[in-house]
K.L.:
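Quick one: the structure is below, questions incoming.
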Amino acid sequence: MTFRFTAVLLWFSALGISHAQDSSSVRQLQTVTVRGFAPERFMAGLKIQRADSALTEAYRYQTLADFLALQAPMQFKSYGPGQLTTVGLRGTSANHTAVLWNGVNINPPTLGQTDFSTIPVNGFDQLSIQYGSAASCVGSDAIGGSILLNSTPGWKRQGITATLGHRFGSWNSGQTQVGVRFATPLPGGGQLAGKTLVYGGTNRYLPTYSERKGYLVEPSETAQRGVIQDLFYRTKQQHQLSLNIWLTDNKLVIAPANPVSREITRTQAYRFLTNYEFGESKPGRWLSGRTLLRAGFIRDILDYGKGDDFDTAPSHSATDRLLVRAEHELEQSLGTSGQSISIRAGAEWVHYTARVDGYVNGALTEQRADLYALIRYQLTARLVTALNLRQAFVTRYDPPFTPSFGIEYRLLNLGTWRLDGRGNVARSYRVPTLNERYWKTLGNPDIRPERGFSQDLGLNLSDNVPGRSTSLSVSAFRNHVDDWTYWNPAKGYRVENLQEVLARGVEVQGQTAWQLGTWRVGAFGQYAYTRSTQLRVYDPSAIDVVGKQLIYLPLHTASANVFVQQGLHRLALTWQGSDRRASTFDNSKYLPEYQLVNLLFETAIRVRGWQGKAVVQVDNLFNEFYLNVKNNVMPGRSVALTLVFTANTKPDQQ
Amino acid sequence: MKQSISSRLLSASAAAFTVATLLTACNSNTDPTPTGPYTNGIFVLNAGNFLDNNGSLSWMTRNGKTAETDLFQTRNRRPLTGGVRGYVEAGNRGLILVDNSSTGLDKVEIVTTDSLKSVKTLASPDIENPRYAARINDTKVYVTCWGTTGGTNFYGAAGYVAVIDLTTNTVTKKIPVQRGAEGITIVGNEAYIGGVGGDKLVQIMDTQTDAIKTSLSVASSISKLLPDANNKLWGFSGKNVVRIDPTSKTIEATILVGTDTRKSPSNLTASADKRSFYFMYTFYDQADNFNQKGEMYRFNITDATISTATPTVNRLFSGLGLDPSANVLYAGFSPSYKQAGYVFRYQPTGQLIDSVRVEIAPSDFYFK
């Protein structure tokens with residue numbers, strides 16, 4: 001394993017360099033920039049899209065599945081409202097999207113994919129979508145991209161903010177949230193910030209009609225509840241201790257009116273994370289830098305049953321992950337021409353325990369470890385490069401060494417306009433899920449990790465002045481994934497490394513926002529062309545499949561939104577369009593194309609520290625008919641009203 | 001091509017939205033022009049993929065090299081919304097048995113036989129997991145149903161026979177029968193009902209009174225019985241084939257099929273003269289990724305032993321049927337449940353005639 005050896009060597013030499021250079025006696029204080037744990041900074045050359053904060057705020061009472069559809073060109077696979085909803089990025093499958101919560105991959109190890117209908121938008125403060133392979137930065141799964149969910153301390157919002165809100169939805173759906181957020185200085189120069197949020201409610205899809213255009217309605221009911229606790233403590237010396245807890249409980253009932261054969265799926269997650277960060281980079285002292293120590297525990301539980309079986313003998317799966325991570329990041333200026341280098345080297349160890357009914361032995365344990373070195377090198381003010389290296393180790397497995405190289409270059413500075421170019425070449429991998437390896441009969445312990453090799457190019461034109469911002473970006477990508485695993489329907493859904501897939505496409509994205517007196521107006525639009533096809537002929541009938549678009553992947557997708565805002569009143573229209581989606585491998589059957597328009601109107605009254613806000617949301621305004629992957633009809637027009645009361649002890653800080 | 005109000009409104013309003021027009025323009029989803037009438041040819045029953053609920057009917061003529069697909073959708077501008085389980089005709093009405101992957105969404109579509117135009121939809125709770133249908137007379141049809149299934153005890157509910165009156169297009173009775181009620185075969189004024197629910201019975205129902213007259217115990221469940229030239233009934237019971245005499249209502253013979261302990265016989269299909277039967281002999285190969293393997297064989301009704309030494313066709317099929325008027329064997333081939341299958345046509349001897357691409361999982365045929 002030369003690659004693995006190289007990785008280990010590089011990692012140790014990276015640490016070694018920092019030690020060797022620390023003898024410098026120059027001590028100079030430098031402003032400490034506390035950065036998130038997510039490795040966005042080392043993703044030079046990759047496309048990262050930060051979610052619109054106003055929309056994030058408006059969707060607080062909904063799930064990530066509802067919200068993401070408006071944000072990005074994604075391949076959505078929904079089994080119905082409130083039911084399993086997965087996304088694929090850039091022509092890859094649901095298993096190829098890493099979901100990182102404060103830097104930790106929360107895809108359950110059994111399924112290796114996140115059901116976005118079980119993730120509430122309120123669980124995080126910031127959302128970014130990263131496109132393209134980023135396995136060197138984030139590890140397994142990030143072949144198509146990753147979703148980065150972060151909790152942020154909000155030091156600037158001093159005082160206590162309490163929130164009480166309720167969303168009244170269609171078919172008697174409702175969601176309630178109670179929360180407190182605070183930030184306060186402590187005696188001795190430290191600071192404390194945090195957030196507590198308790199939420200719960202039920203989303204129902206119980207229309208009075210049982211079919212539409214001859215397609216069936218599958219009624220469902222989803223109860224959701226959870227607790228979020230974020231705590232950040234920062235000392236005067238900028239040491240930071242943080243604790244993040246996120247508990248979720250999601251219970252989906254399909255056909256709730258039928259006690260004999262209703263299907264119940266309960267998904268629970270317990271996520272605990274604690275971090276301790278200290279230190280700072282000092283010029284000339286190469287050892288100096290910021291060190292992160294982390295420990296975490298994640299438990300994922302999935303129960304499934306039909307009728308009474310759910311209570312008496314559910315199919316049960318539970319996995320625990322205990323993780324520790326140590327990471328050191330240094331940053332040094334080189335010379336005076338703006339050159340600088342940042343190196344983040346780290347190691348992570350995760351212990352997995354799985355108890356799954358469907359596994360051959362019922363229970364199993366596994367160790368995984370990662371060594372990584374992320375290097376960001378700013379050559380000139382205009383040129384940034386990133387070289388990232390990762391080697392993962394998995395019990396009984398052999399994941400490939402994963403390097404990536406990215407570059408960003410300022411091509412033009414014209415007045416307030418800038419034109420940036422970027423490029424990235426990356427290897428990526430995915431460790432097969434526990435189900436893929438250990439499921440009775442169908443699983444395959446000899447399956448190989450998937451391997452991807454991707455190239456990505458982009459141009460970004462932007463103009464940023466106070467009161468006006470505009471940007472337009474174009475990206476082109478190519479991602480070749482081999483040993484793509486496949487629950488082969490021709491072999492009773494036994495898992496095999498059958499597929500070799502080539503995904504390629506073009507994305508265009510534009511955004512503009514203007515301040516006109518007391519008015520703010522803006523628009524955002526994006527379009528993606530994604531072609532993703534199977535290359536390898538693995539049996540005689542695969543001739544009908546090779547070269548065909550992967551299932552449920554639209555060739556064209558687009559979304560747009562426009563908004564007008566005046567003070568506390570805001571009107572937004574969002575639109576999304578999807579091309580038809582093949583539902584068979586040979587593209588002989590399709591789900592029809594569709595377009596959805598949603599309307600959001602927000603208004604608020606603020607009296608000193610008190611605020612009352614009302615949001616009216618009309619989903620599927622034009623009552624468009626569209627289908628999910630079970631060939632059942634998705635909801636028509638629906639209306640929801642959200643009322644939120646907020647009290648703030650220091651209103652001036654808002 | 002469809003253009004909704006939303007697309008018109010928005011594509012006119014801003015440059016960003018021109019994509020909307022682009023999107024719809026890319027897919028001129030024009031439905032194919034229906035042909036027909038469906039009076040002389042073959043309906044192919046495509047089971048579809050279970051969770052996709054995309055079963056369909058295709059139409060083939062006896063000499064045609066292509067099939068007309070998705071007939072119900074084309075004729076009625078709406079889909080069948082489930083797997084296609086069976087089809088039967090009575091008078092000028094056809095009944096399509098539709099099985100959805102979710103409870104309460106199964107149905108029987110009553111259609112016109114020549115154009116497949118929907119006349120009436122029978123739904124849950126009248127119809128729950130419909131399995132097989134049999135014509136009693138031009139206005140009366142029996143449909144066997146499993147009832148609701150699921151859970152640890154999959155066949156928890158009693159099966160039933162839905163008695164359908166085609167003058168009113170309603171289910172007039174639900175006669176409880178064995179669990180997992182399956183095939184239904186009419187001999188004179190009697191219906192022979194098999195099952196897979198573990199009750200190990202063949203029940204005999206009076207088609208005049210719709211009452212169960214008697215039942216016969218069998219060593220292993222029989223899914224469906226077929227009459228031969230002598231009006232004796234044949235069906236697979238485990239690894240054996242049994243012959244039932246409908247007059248004495250006794251099992252006359254039990255013959256072991258083949259000698260391969262891994263394989264089981266299925267898809268019993270009578271030849272044109274009903275003096276021999278074709279069948280599939282299959283297994284899931286543990287040594288090869290649980291790949292289903294098997295071949296097609298044939299035996300004569302006079303055979304004392306059934307040999308599986310030489311297959312009639314050395315290929316695995318998902319459905320068999322015999323066109324009695326042309327004496328041609330039809331075999332459905334499914335590469336996977338996620339792509340279109342093919343119908344292979346053979347001479348009765350097993351010599352290939354041609355193949356026609358149809359839809360997902362061709363599993364049964366209706367010859368007319």
K.L.:
Name the option with the most non-hydrogen atom pairs under 4.5 Å to chain B; the candidates are Lys589(A), Glu263(A), Arg262(A).
P.N.:
Lys589(A)
K.L.:
Is there a ring-ring contact (aromatic ring centres under 6.0 Å, His included) between Phe585(A) and Tyr486(A) once you walk through the steps?
P.N.:
CA-CA 12 Å; Phe585(A) 293 139; Tyr486(A) 183 47; 5.5 Å; yes
K.L.:
My understanding is that only residues two or more places apart in sequence, or in another chain, count here; which of them pass salt bridge (charged side-chain N to carboxylate O under 4.0 Å, His left out) with Asp586(A)?
P.N.:
Arg357(B)
K.L.:
Please answer whether the main-chain N or O of Gly55(B) pairs with a side-chain N or O of Asn46(B) as donor and acceptor at a distance below 3.5 Å.
P.N.:
no
K.L.:
Who among Tyr79(A), Tyr552(A), Phe310(A) has the most heavy-atom pairs with chain B under 4.5 Å?
P.N.:
Tyr552(A)
K.L.:
What part of Val508(A) gets within 4.5 angstrom of chain B, counting heavy atoms only: side chain, backbone, both, or neither?
P.N.:
neither
K.L.:
Does Asp354(B) pair with Lys65(B) as a salt bridge, N-O distance under 4.0 Å?
P.N.:
yes
K.L.:
So which of Asp52(B), Asn53(B), Leu80(B) has the largest heavy-atom pair count under 4.5 angstrom toward chain A?
P.N.:
Asp52(B)
K.L.:
For the residue pair Phe344(B) and Phe317(B), categorise the inter-ring angle as parallel (less than 30°), tilted (30 to 60°) or perpendicular (more than 60°).
P.N.:
tilted
K.L.:
Is there a side-chain contact between Leu591(A) and Arg580(A) (heavy atoms, below 4.5 Å)?
P.N.:
no
K.L.:
Side chain, backbone, both or neither: which part of Ser124(B) has an atom under 4.5 Å from a heavy atom of chain A?
P.N.:
neither
K.L.:
What part of Lys630(A) gets closer than 4.5 Å to chain B, counting heavy atoms only: side chain, backbone, both or neither?
P.N.:
both
K.L.:
Is chain B contacted by the side chain of Leu442(A), its backbone, both, or neither, given a heavy-atom distance below 4.5 Å?
P.N.:
neither
K.L.:
Please classify the contact of Tyr284(B) with chain A as side chain, backbone, both or neither, using a heavy-atom distance under 4.5 Å.
P.N.:
neither
K.L.:
Is Asn49(B) in contact with chain A via its backbone, its side chain, both, or neither, using a 4.5 Å heavy-atom distance?
P.N.:
side chain
K.L.:
Sort Thr148(B) into side chain, backbone, both or neither according to what part of it lies under 4.5 angstrom from a heavy atom of chain A.
P.N.:
side chain
K.L.:
Test of understanding: with salt bridge (charged side-chain N to carboxylate O under 4.0 Å, His left out), list the residues that count as partners of Lys107(B), not counting sequence neighbours.
P.N.:
Glu109(B)
